[in-house]
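Notes to accompany the following structure.
Proteins get letters first, then strands, A, B, ... in listed order; numbering begins at 1 in each.
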Amino acid sequence: NAGVMQNPRHLVRRRGQEARLRCSPMKGHSHVYWYRQLPEEGLKFMVYLQKENIIDESGMPKERFSAEFPKEGPSILRIQQVVRGDSAAYFCASSYQGNSYEQYFGPGTRLTVT
Amino acid sequence: QQQVKQSPQSLIVQKGGISIINCAYENTAFDYFPWYQQFPGKGPALLIAIRPDVSEKKEGRFTISFNKSAKQFSLHIMDSQPGDSATYFCAADHSGSRLTFGEGTQLTVNP
């Protein structure tokens, strides 16, 4: 019973490049959440998606960041024109239903911007 | 109003002792309070969770105490072991839409 999968686990990008992070939810889960963790800080909510729908993106920066969860395939978090301040661990979580509350996290993608 | 305040920031306990981590919240709409355990380089793992209709929940060595009137909840780790050394996060949620996390507590259990 595979858990939440994220890839790549580590990603290095130069300033100005694009970063694309992938998340495959647990089997049977149709709700995906993205969180960002800066060094020595807690996790901050970014976006909540269901298949083909963005439910809540109030935690997403207004520019350069976007997320999708297509009908087929993994959820994608895209960061365009990365800056050094984007360096962080990005975690994806999934739940069976939006109101089931139990969110299970993946291992994260560590993004380093040089 | 969306914040969850967690203390202490770090905690050192001797093996066999009790570890206690506290959290406080403001938003009375929160109705789900989980605790997560995170090891270095890993994702947070759901440890135990409680809803406000109960005052205490116990799972093995881990207990959540919940005080609705004070808007506070705490995690107690009994018989703490070196393997419990990790960062612990409290969180709060309502409507299953998003988790609001505390700042984290780095627990070290000395042998």
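- Tracing side-chain contacts under 4.5 Å through hydrophobic residues (I, L, V, M, F, W, Y), one never reaches A:I76 starting from A:L21; they form parts of separate clusters.
- Listed options B:G102, B:A91, B:P44 were ranked by heavy-atom pairs under 4.5 angstrom with chain A; first place goes to B:P44.
- With a threshold of 4.5 angstrom between heavy atoms, A:Q6 does not approach chain B through any atom at all.
- Heavy atoms from other residues, nucleotides or ligands lying under 6.0 Å from CZ of B:R61 number more than 12.
- Side-chain contact between B:T100 and A:F45: absent, with no pair of heavy atoms (C-beta onward) separated by less than 4.5 Å.
- Atom CZ of B:F101 and atom OH of A:Y35 lie 5.5 Å apart (nearest 0.5 Å).
- For A:E68, the CD atom sits in a packed shell: over 12 heavy atoms of surrounding residues, nucleotides or ligands are nearer than 6.0 Å.
- Looking only at side-chain heavy atoms (C-beta outward), A:F105 and B:K42 stay at 4.5 Å or farther from each other.
- Of the inter-residue distances, the one linking A:Q103 atom CD with B:L99 atom CG reads 4.0 Å to the nearest 0.5 angstrom.
- Both the backbone and the side chain of A:L43 come within contact range of chain B, each with at least one heavy atom under 4.5 Å from a heavy atom of that chain.
- Residue with the most contacts toward chain A among B:Q9, B:Q6, B:Q38, B:E103: B:Q38 (heavy-atom pairs, distance under 4.5 Å).
- Heavy-atom pairs under 4.5 Å with chain B were tallied for A:E41, A:R110, A:R9; the largest tally goes to A:R110.
- Other residues, nucleotides and ligands contribute only 12 or fewer heavy atoms inside 6.0 Å of the CE atom of A:M5.
- In this structure, A:I79 is not a member of the same hydrophobic cluster as A:Y48, with clusters built from ILVMFWY side-chain heavy atoms closer than 4.5 Å.
- A:K51 NZ: more than 12 foreign heavy atoms inside a 6.0 Å radius.
- Summarising the local packing, CD of A:Q81 is surrounded by 12 or fewer heavy atoms from other residues, nucleotides or ligands at distances under 6.0 Å.
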